[in-house]
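A short worksheet on the structure shown next.
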Amino acid sequence: MSSFLSIDFQDDQLVLIDQTKLPLVEEYIKTDELERISVAIERLEVRGAPAIGITAAYAIALALKGVSCNVDEVFNSAYKRLASTRPTAVNLFWALDEMRSVFEANKNKPDIYGILLEAAKQIHQDDIEMCNAMGKNGLGIFEKKSNVLTHCNTGRLATGGEGTAFSVIKTGYENGLVKFVYSDETRPLLQGSRLTAFELAKNGIPFAMNTDSTAAVLMKEDKVDLVITGADRIAVNGDSANKIGTYNLAVLCKHHNIPFYITAPTTTIDLKIETGNKIKIEERGREEINQIKNVQVTRPEYDVYSPAFDVTPNELISGIITEKALHRPPYNFK
Ligand code: MRU
């Protein structure tokens with residue numbers, strides 16, 4: 001059993017495990033301040049598409065704590081600040097819009113904070129249930145006891161529950177369908193070697209970490225039966241944005257004839273965009289490349305190109321697992 005909570009609400013404050021310190025230090029951030037929560041999202045102290053959405057929902061509620069006048073102004077400025085934190089994961093904007101509809105329907109009530117808090121808790125609870133359903137729906141992808149390769153972190157740290165792709169891996173393992181997991185280290189921020197490794201170890205799932213560039217060799221050596229990743233935004237046609245390096249894996253899978261699966265809740269599907277070309281891709285700062293854990297590894301003045309995500313075209317995706325079903329191509333989420 002996993003023995004940590006990534007997002008919790010205690011004593012009218014939000015509690016987040018600080019993911020930038022894992023796995024070496026397990027430290028929690030406890031705050032009710034909108035600005036501190038916004039910075040936590042920007043710094044990736046909390047990260048992963050569903051986790052960002054849940055965090056933003058709690059932050060909106062907290063912004064209204066103790067506020068009785070100018071509620072519109074307070075709500076709009078909290079919404080704007082949170083919406084400016086990270087652009088790619090649509091779960092953030094989905095959660096903010098859910099909170100906006102609850103706010104609009106109840107803004108004249110004296111306990112608007114309590115009402116918004118209940119809505120945030122419901123978003124959190126729904127995510128837990130979607131994670132469990134994705135785990136079950138994903139069982140259909142395993143043809144035998146399999147070796148799986150995954151990228152980035154998609155587990156308890158990235159969601160409100162057991163994860164997206166990680167939930168499929170965990171449920172598969174518990175059902176005797178997953179033998180071993182290869183965890184891409186996931187440069188530059190090492191979500192794989194720091195966070196997925198941490199979660200695999202906590203769950204007792206056998207694994208090895210590998211550098212991102214080892215994936216081709218693993219496939220060539222027949223060590224990978226399938227690849228499963230999460231997503232940050234999925235277009236109506238199934239094109240899927242996920243952590244940089246995911247597209248590489250999908251191309252490699254095609255060459256080696258290995259199935260490539262995406263797992264995400266329907267809150268990650270953006271019904272407003274038809275194709276992946278419309279997905280805004282976040283670019284990160286040069287320090288994340290020219291330093292590793294605050295140690296300068298190359299000259300700071302060298303230029304850097306660092307998109308945080310890439311888009312895998314739908315034709316490279318063997319299936320998309322949501323809480324509703326295992327979807328097969330051609331995809332049409334309308
Ligand atoms: O930059 P991050 O760490 O927030 O990126 C996270 C990912 O790309 C995950 O794979 C994605 O959010 C899906 S996991 C639930």
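Each ligand, and each atom within it, is numbered from 1 in the order the structure gives. Predicted model only: the values in this text are computed from it and were never measured.
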What does the N/O contact table under 3.5 Å look like for ligand 1?
residue  : atom   : partner : partner atom : Å
ligand 1 : 1 (O)  : R86     : NH1          : 3.4
ligand 1 : 1 (O)  : R86     : NH2          : 2.8
ligand 1 : 1 (O)  : K243    : NZ           : 2.7
ligand 1 : 3 (O)  : R47     : NE           : 2.5
ligand 1 : 3 (O)  : R47     : NH2          : 3.4
ligand 1 : 3 (O)  : Q191    : NE2          : 2.8
ligand 1 : 4 (O)  : G48     : N            : 3.1
ligand 1 : 4 (O)  : R86     : NH1          : 2.8
ligand 1 : 8 (O)  : D232    : OD1          : 2.8
ligand 1 : 8 (O)  : N242    : OD1          : 3.1
ligand 1 : 8 (O)  : K243    : N            : 3.3
ligand 1 : 10 (O) : N242    : OD1          : 2.6
ligand 1 : 12 (O) : A49     : N            : 2.8
ligand 1 : 12 (O) : D232    : OD1          : 3.4
ligand 1 : 12 (O) : D232    : OD2          : 3.0

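In plain terms, the two heavy atoms of F198 and P23 that are nearest each other are CD1-CB, 3.7 Å.
Here R81 contributes atom CZ and I60 contributes atom CD1; the two are 12.0 Å apart, rounded to the nearest 0.5 Å.
Note on D270 versus R233: salt bridge recorded, some NZ/NE/NH1/NH2 to OD/OE distance being below 4.0 Å.
For N248, the side chain to side chain contact (heavy atoms under 4.5 Å, CB included) test picks out D310, with sequence neighbours left out.
N91 and T268 share a donor-acceptor pair across their side chains, judged by distance under 3.5 Å alone.
M134 and I262 fall into different hydrophobic clusters, where Ile, Leu, Val, Met, Phe, Trp and Tyr residues are linked whenever their side-chain heavy atoms come under 4.5 Å apart, directly or through other members.
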